[in-house]
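Take a look at the structure set out below.
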Amino acid sequence: MYFNNKVYDVLKWIVLIALPALAAAYGSLAATWNLPYAAEVVQTINILTVLLGAMIGISTASYKKDAEKEEDAE
């Protein structure tokens, strides 16, 4: 599965910036405001972050491998 540059950039921003910030914010706010399931919500967000990061990494590795094959063929 390949992502175009725009999708890749958005997903990378989500994985590197948005999801970790969301997990930290919910964890802090849950402690302050007694929100429910703080540990569960934070852990779920972190699991999704790792899953998406792995998918992006696999896609990037496959893209680079195919790009190298194309360069060698030329």
Side-chain angles (χ1 to χ4, degrees):
M1 164 180 14
Y2 296 129
F3 301 119
N4 67 33
N5 287 341
K6 176 85 171 156
V7 172
Y8 174 81
D9 290 341
V10 169
L11 287 175
K12 188 174 176 184
W13 179 85
I14 289 170
V15 169
L16 293 176
I17 306 293
L19 289 176
L22 181 63
Y26 189 86
S28 296
L29 291 171
T32 303
W33 293 98
N34 296 318
L35 298 175
Y37 306 107
E40 292 86 350
V41 170
V42 169
Q43 186 170 4
T44 300
I45 294 169
N46 289 335
I47 290 167
L48 292 173
T49 301
V50 170
L51 175 64
L52 289 172
M55 291 171 60
I56 290 170
I58 290 169
S59 177
T60 301
S62 295
Y63 176 81
K64 287 181 179 179
K65 184 178 178 182
D66 289 347
E68 287 174 5
K69 284 181 183 178
E70 287 179 12
E71 284 181 10
D72 291 342
E74 292 178 354

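Nothing here was measured: the structure is a model prediction, and the numbers come from that model. One is the number of the first residue; the rest follow in order along the sequence.
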Query raised in the report: Can you get from Trp13 to Val50 by hopping between Ile, Leu, Val, Met, Phe, Trp and Tyr side chains that sit under 4.5 Å apart?
Result: no
Report task. Nearest 0.5 Å please: distance from the CG atom of Leu22 over to the CD1 atom of Ile17. Result -> 13.0 Å
Report summary line: Output for pair (Asn46 CG, Leu51 CG), nearest 0.5 Å, gives 12.5 Å
Query raised in the report: Looking only at heavy atoms, which two atoms of Ala23 and Val42 are closest? And how far apart?
Result: O-CG2, 3.4 Å
Report task. Would you name the heavy atoms of Thr49 and Val15 that are closest together and state the gap between them? Result -> CG2-O, 3.5 Å
Query raised in the report: Same cluster for Leu11 and Leu16 if Ile/Leu/Val/Met/Phe/Trp/Tyr side chains link at under 4.5 Å?
Result: yes
Report summary line: Rounding to 0.5 Å, atoms CD1 (Ile14) and CG (Leu48) come to a distance of 11.5 Å
Show the atom names and distances, to 0.1 Å, of all donor-acceptor pairs under 3.5 Å that link a side chain in residues 25-41 to residues at least two apart or in another chain.
from, atom 1, to, atom 2, distance (Å)
Tyr26, OH, Pro36, O, 2.7
Ser28, OG, Ala24, O, 3.1
Thr32, OG1, Ser28, O, 3.0

Query raised in the report: Can you list the residues that meet the side chain to side chain contact (heavy atoms under 4.5 Å, CB included) rule with Asp9, with sequence neighbours excluded?
Result: none
Query raised in the report: Is the backbone N or O of Ile56 less than 3.5 Å from a side-chain atom of Thr60, with the two atoms forming a donor-acceptor pair by type?
Result: yes
